[in-house]
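From a predicted model like this one, the values you see are computed outputs, not experimental measurements.
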Amino acid sequence: MSSKTPKDATNDWYKDARRKGTSVSGILTFVALRALDLPVQYYLLRSNIGARLIQYLGGTAITIPPANTATVLGLPPYYATIVLLATGSAAKQIYWATRISEQVLPPPFAIILAAYNTVLNSINTILSVWAWSSNSAPGGSSYSLTQGIGLLLYGTGLFTEWYCEVQRKRFKQDPRNQGKPYSGGLFGLATNINYGGYTLWRTGYAMYCASLPWAGVMVAWLAGDFCGRAIPSMEGYCQNK
């Protein structure tokens, strides 16, 4: 019987997941699945399948009117913006996988990571067509204060997560910094600023789609996940490095 505690096992898994190297199959799998998320989100809206799911579950749904070629993507502005939010998140994560990450990305982990983000995006999309939770104005043709705040959080968080990783990548590419931890740039503001950036844009995305209640659930979920799993695993990895 193994004498390792669950924490030790988690740290071992995290250390193994951060092995330096390249997995072409893993990267291609991740890129393909994250790109596939875009037609999924568009289909949920344009086909009204998300609205039909809400109705099937007994809720009141917002039915998106037939496509109008004069609108972006044939969707009202509110819903077209939701597709653009999914696009931005996919673009950032594809950039990370192809240009930033120095760790092996095994195909099974790539599938889990991509599926996790698609599930969160899909929940946002479905909640946007549920009358009880939707943050849209009638007809989805105008914007609200919470939508504006959501977009601000999304943009700030996405830029923060992307740029701090670019800064760290540049630091580690210098041979003189081999093996050194990076605490400059945005990481000088917080040790786990990249996690903070992810939390910000995920919260903003949720707020734009389903206003404050769902944004509160999202920030609580991410904070709990980071504090209970991701950050302790990272600290254990750094201590044993």
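Using a distance-only test at 3.5 Å, with no hydrogens or angles considered, no donor-acceptor pair links the side chain of N48 to the main chain of T63. In this structure, Y182 contributes its side chain and N177 its backbone to no donor-acceptor pair below 3.5 Å.
Smallest separation of non-hydrogen atoms from A206 and M218: CB-CB, 4.0 Å. For the residue pair S136 and Y79, the shortest heavy atom distance occurs at OG-OH, 3.7 Å.
R99 meets the salt bridge (charged side-chain N to carboxylate O under 4.0 Å, His left out) test with no other residue; sequence neighbours excluded. In this structure W214 satisfies the ring-ring contact (aromatic ring centres under 6.0 Å, His included) test with no other residue, sequence neighbours excluded. For the side chain to side chain contact (heavy atoms under 4.5 Å, CB included) test, residues two or more places apart in sequence or in another chain that qualify with A131 are T60, I62.
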Ignoring hydrogens and angles, write down the donor-acceptor pairs under 3.5 Å from the side chains of residues 50-58, residues two or more places apart or on other chains.
unit_1	atom_1	unit_2	atom_2	d
R52	NH1	S47	O	2.9

Do any side-chain atoms of residues 31-39 form donor-acceptor pairs under 3.5 angstrom with protein atoms, and if so which ones, sequence neighbours left out?
unit_1	atom_1	unit_2	atom_2	d
R34	NE	Q93	OE1	2.6
R34	NH2	S89	OG	3.3
R34	NH2	Q93	OE1	3.0
D37	OD1	Q41	NE2	2.7
D37	OD1	T118	OG1	3.3
D37	OD2	N121	ND2	2.8

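Side-chain heavy-atom separations under 4.5 angstrom define the hydrophobic clusters, and the remaining members of the one that includes L28 are V24.
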*Applying side chain to side chain donor-acceptor pair (under 3.5 Å), run through R202 and N117 and close with a yes or a no.*
CA-CA 10 Å; R202 268 290 167 207; N117 281 278; 2.9 Å; yes
*Let me see the working for L105 and F109 under side-chain contact (heavy atoms from CB on, under 4.5 Å), right down to the final yes or no.*
CA-CA 7 Å; L105 184 62; F109 185 67; 3.5 Å; yes
